[in-house]
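Structure, as C-alpha cells:
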Amino acid sequence: MKYSDTKNTLIQKLKSIVGNSYVITSEWAKKAYSKGWRYGSGNALAVVKPITLIELWRVLDVSIKADVIIIMQAANTGLTGGSTPNGIGYDRAILIISTLRINDIHIINHGEQIIGFAGSTLFGLEKKLAKYGREPHSVIGSSCIGASIVGGVCNNSGGALVKRGPAYTELSIYANINDEGNLQLVNELGIELGETAEEILFNLQNKNYTDNDIKATDKLASDNEYQKRVRDINSKIPARFNADSRRLHAASGCAGKIAVFAVRLDTFKAPESHQVFYLGTNKSEVFTKIRRDILSKFTNLPISGEYLHRDCYDATKKYCKDTFIVIEKLGPSFVPKLFELKRNIDLMAQKIKFLPDKFSDKLLQFLSSILPNHLPERMDEYRNKYEHHWIIEMSDSGVEEAKNYFADFFKNNDGDFFECTKKEGKKALLHRFAAGGAIGRYHAIHENEYGNMMSMDVAFPRNEINCFENLPPEIDDKIEIKLYYGHLFCHVLHQNYILKKGVDAEKLKKKLLAIFDDRGAEYPAEHNVGHEYMAKPSLIKFYKELDPTNSFNSGIGQTSKKKYWN
C-alpha cells in the first residue's frame with residue numbers, strides 16, 4: 001500500500017471516530033496546533049480533537065496501528081515547544097491529538113481531591129473548588145493563560161506556591177505502547193472502574209463509581225515533602241527541577257511520552273486571610289538574607305514570593321500592558337481566546353504580503369501604547385528607587401509574622417517595604433505574571449534591531465548566596481537586553497536575553513549553561529525540556545521506560561526522533 005493510501009485510510013478512520021469537523025487537515029488550520037506559543041514548529045499529518053475518553057482511546061488505537069508519531073496537546077501554552085512537532089528528521093508522519101474538548105473535572109473525597117481529565121484547565125478547577133473553600137496546586141501564573149491540569153503534571157510545572165511545590169501525582173490513568181508495539185491502558189487512579197479499557201473509560205467519563213470504589217492508598221497526589229525541602233537552605237541541590245528523579249512517576253514528568261487520560265490530585269484549603277507585601281532594595285544580598293531568614297526561622301511559610309528586576313518591570317509595563325488589562329478587565333478565562341485570536345491574525349497576515357511578521361504583536365503593542373498607566377503609584381515609586389523588587393504574599397497568622405519582621409529588618413538594611421491594598425496586591429501579582437510575555441513582545445517589536453532571543457529556566461542550589469547573575473565580560477558584551485524574574489524562595493529564576501546582532505546564539509547558550517553547571521544549577525526548572533533543552537540521563541531513562549518504541553512525542557529533549565530510539 002502506498003503511503004498516501006495509508007494516510008488517507010487513517011484520516012478516514014479518525015473522521016469515523018470523532019466526526020469530520022474534528023479532524024483538521026488543511027495546512028492553514030493546522031498551524032494553530034503545529035506551531036508553539038513561543039518556540040518550535042513542524043509538519044503534522046492532521047490534528048484530531050476527540051471529546052470523550054473512549055474517542056481518545058479509539059483514536060490512539062487506529063493511529064498506533066498506522067505507525068504514526070503521536071503528540072498529545074492540550075492548551076499549547078508551553079514555553080519550550082514540547083507539545084508541537086519540531087523541524088525535520090522524523091521517520092514517521094505526526095498526528096497531533098488536541099485534548100481540550102475532554103475537559104471534565106470530578107470532585108471527590110469532599111473536595112479534598114479531584115480527577116482532572118486530559119483537557120481540563122486550572123482556571124476551570126479553581127472555579128469548581130471555590131464553593132468548597134479549597135484551591136488547586138496552582139492558582140497564579142499558568143492558570144492565567146489557560147494551561148491544563150494534565151499538562152502541568154506531565155511537565156512537573158508550577159511551584160510558584162511555596163507551600164505546595166510543583167504538580168505531582170502517582171495516581172493517574174494512561175495509555176502506553178509496550179515493547180511489542182501494542183497499546184495498553186494502565187489504571188493507577190486508585191478507583192475500581194471495570195476490566196476492559198472501554199469499560200474503564202466509559203465508567204470514568206460518566207462517573208459510574210461510588211465512594212466505595214475509591215480505594216485508600218499510600219500513593220501521593222501532591223508533593224508532600226516540598227515544604228521541608230524548600231526550607232533546607234543549606235542544601236547544594238536545587239529545591240525543584242524537571243530532571244529530579246524523585247518526582248518522575250508515570251504521568252508526572254512524562255513530557256507526553258504516554259497518553260494521559262486523567263490525573264487524581266490533592267486540593268488545598270484556601271487561606272482565611274492574606275496580605276501582599278511589596279519589597280524593594282538596591283542590593284540583591286538583602287533579598288538573600290530575607291529569603292534565608294523566612295525559610296529557616298518563620299513558623300509560617302509564604303504563599304508565594306515573586307521576584308522582578310527593574311528592567312523587567314519596565315519591559316513588562318510597556319510590552320505586556322494588553323495582557324495585563326485583558327486579565328484584569330475580562331478575567332483569565334479570556335486569555336486563551338486572546339492567544340487564539342493572535343494566532344489567527346498572524347496566520348492571516350502571512351497571506352497578505354505587505355503586512356509584517358508577528359503582526360498581532362505589533363498591532364496590540366500600538367493599541368496598548370495609547371492606553372493610560374495601569375500600575376499603582378506606589379509600585380512606580382519603588383521602581384524609581386529600587387533595582388530589585390519582591391512581591392511576597394503571606395496568609396493567616398503569617399501576615400503578622402512577616403509584618404513585624406519586615407518592619408524590624410529594614411531599620412538596618414538597604415530598601416523598604418509596604419503593605420499592598422487589595423487592589424495593589426492584585427496588580428502587583430498580575431504584573432509579575434504578565435512578565436513571562438515581555439521578552440517575546442520586546443523581540444517582536446525590535447526584531448530588526450537585535451539578534452536572537454534566548455530564555456533560560458534555571459533552578460539554583462538552595463544554599464546559593466549570590467542569587468543575582470553577574471556574567472563575565474566576554475558573555476555580557478554579547479547581550480543587548482537582560483530580563484530577570486522568578487520564584488525567589490525556591491531559587492528558580494527565568495533569565496531572558498536578547499542578543500546583539502551577529503552573535504551565535506548556540507555558542508553563547510553553551511557558555512551560559514557551563515556557568516550554570518559550575519554553580520550547581522539544574523535546568524530546566526519547571527518548563528520541561530521541550531525541544532529547547534537536552535534531556536539529562538535521568539529523564540532519558542524515564543522516557544525510554546515509558547515509551548520503548550519512541551512513538552509518543554519523539555525527539556523531546558533533543559533525543560532521537562526515530563522508532564525504537566535508533
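- Judged by distance alone, the side chains of His494 and Glu526 do bring a donor and an acceptor atom under 3.5 Å apart.
- Of all non-hydrogen atoms in Gly520 and Pro461, the two that sit nearest each other are O-CG, 3.3 Å.
- Taking the six-membered ring for Trp and thresholds of 30 and 60 degrees, Tyr319 and Tyr442 have ring planes inclined between 30 and 60 degrees apart.
- A side-chain donor-acceptor contact under 3.5 Å links Tyr523 and Asp517.
- No hydrogens or angles considered: a donor-acceptor pair under 3.5 Å links the side chains of Tyr307 and His388.
- With a 6.0 Å cutoff to the six-membered ring centre and a 45° limit on the axis angle, Arg378 does not count as a cation-pi contact of Tyr278.
- Annotation: Phe468 is not in aromatic contact with Phe287 [ring centroid separation under 6.0 Å not met].
- Here Lys31 does not pair with Asp346 in a salt bridge; the nearest charged N to carboxylate O distance is not below 4.0 Å.
- Tyr168 carries Arg247 over the face of its six-membered ring, with the cationic atom under 6.0 Å from the centre and within 45° of the normal.
- With Asp380 as the partner, the salt bridge (Lys or Arg N to Asp or Glu O under 4.0 Å) test is satisfied by one option alone out of Arg310, Lys317, Lys427: Lys317.
- For the atom pair CG (Asn76) and OG (Ser98), the distance works out to 8.5 Å, reported to the nearest 0.5 Å.
- Between the side chains of Glu306 and His487, at least one donor N or O lies within less than 3.5 Å of an accepting N or O.
- Ring planes of Phe406 and Phe417: tilted class, angle from 30 to 60°.
- Within the 4.5 Å cutoff, the side chain of Leu248 has heavy atoms near those of the Asn156 side chain.
- Arg164 has its side chain within reach of Glu135: a pair of non-hydrogen atoms, C-beta onward, lies under 4.5 Å apart.
- Thr80 has its side chain out of reach of Val529: every pair of non-hydrogen atoms, C-beta onward, lies at least 4.5 Å apart.
- With Tyr386 as the aromatic partner, Lys283 does not meet the cation-pi criteria of under 6.0 angstrom to the ring centre and within 45 degrees of the ring axis.
- Val326 places none of its side-chain heavy atoms less than 4.5 Å from the side chain of Lys329.
- Counting only N and O atoms by type, the side chains of Glu328 and His374 include no donor and acceptor under 3.5 Å apart.
- Residues Ser120 and Leu125 fail the side-chain proximity criterion, which asks for heavy atoms closer than 4.5 Å.
- If you check the side chains of Asp457 and Asn242, you find no donor sitting under 3.5 Å from an acceptor.
- Scanning both residues, Val503 and Lys478, for their nearest heavy atoms gives CG2-O, 3.6 Å.
- With contacts defined as side-chain heavy-atom distances shorter than 4.5 Å, the pair Ser34/Ile96 qualifies.
- Closest of all the heavy-atom pairs between Ile51 and Arg101 is CD1-NH2, 3.2 Å.
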**Request:** Applying side chain to side chain donor-acceptor pair (under 3.5 Å), run through Tyr484 and Glu469 and close with a yes or a no.
**Result:** CA-CA 9 Å; Tyr484 299 123; Glu469 185 172 63; 2.5 Å; yes

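- Shortest non-hydrogen contact noted between Ala521 and Val458 is CB-CG1, 3.6 Å.
- Closest approach of Ile71 to Thr84, counting heavy atoms only: CD1-C, 3.6 Å.
- Remark: Lys561 is positioned above the aromatic ring of Tyr90, its terminal NZ or CZ atom under 6.0 angstrom from the ring centre and at most 45 degrees off the axis.
- Here CZ of Phe117 is found 10.0 Å from CD1 of Ile105. Values are rounded to the nearest 0.5 Å.
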**Worked verdict on Gln365 versus Lys358 for side chain to side chain contact (heavy atoms under 4.5 Å, CB included)** = CA-CA 11 Å; Gln365 187 59 35; Lys358 301 178 182 176; over 6 Å; no

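- Contact record, Glu424 with Glu419: OE1-O, 4.1 Å, taken as the closest heavy-atom pair.
- Ring centroids of Tyr382 and Trp390 are separated by 6.0 Å or more, keeping the two rings apart.
- In this structure, His309 and Leu483 have side chains that are not in contact, with every pair of non-hydrogen atoms separated by 4.5 Å or more.
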**Request:** Before giving the answer on salt bridge (Lys or Arg N to Asp or Glu O under 4.0 Å), spell out for Arg383 and Asp314 the whole-Å C-alpha distance, their side-chain angles and the decisive distance to 0.1 Å.
**Result:** CA-CA 8 Å; Arg383 179 265 165 224; Asp314 292 344; 2.7 Å; yes

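- Lys536 has its side chain within reach of Glu522: a pair of non-hydrogen atoms, C-beta onward, lies under 4.5 Å apart.
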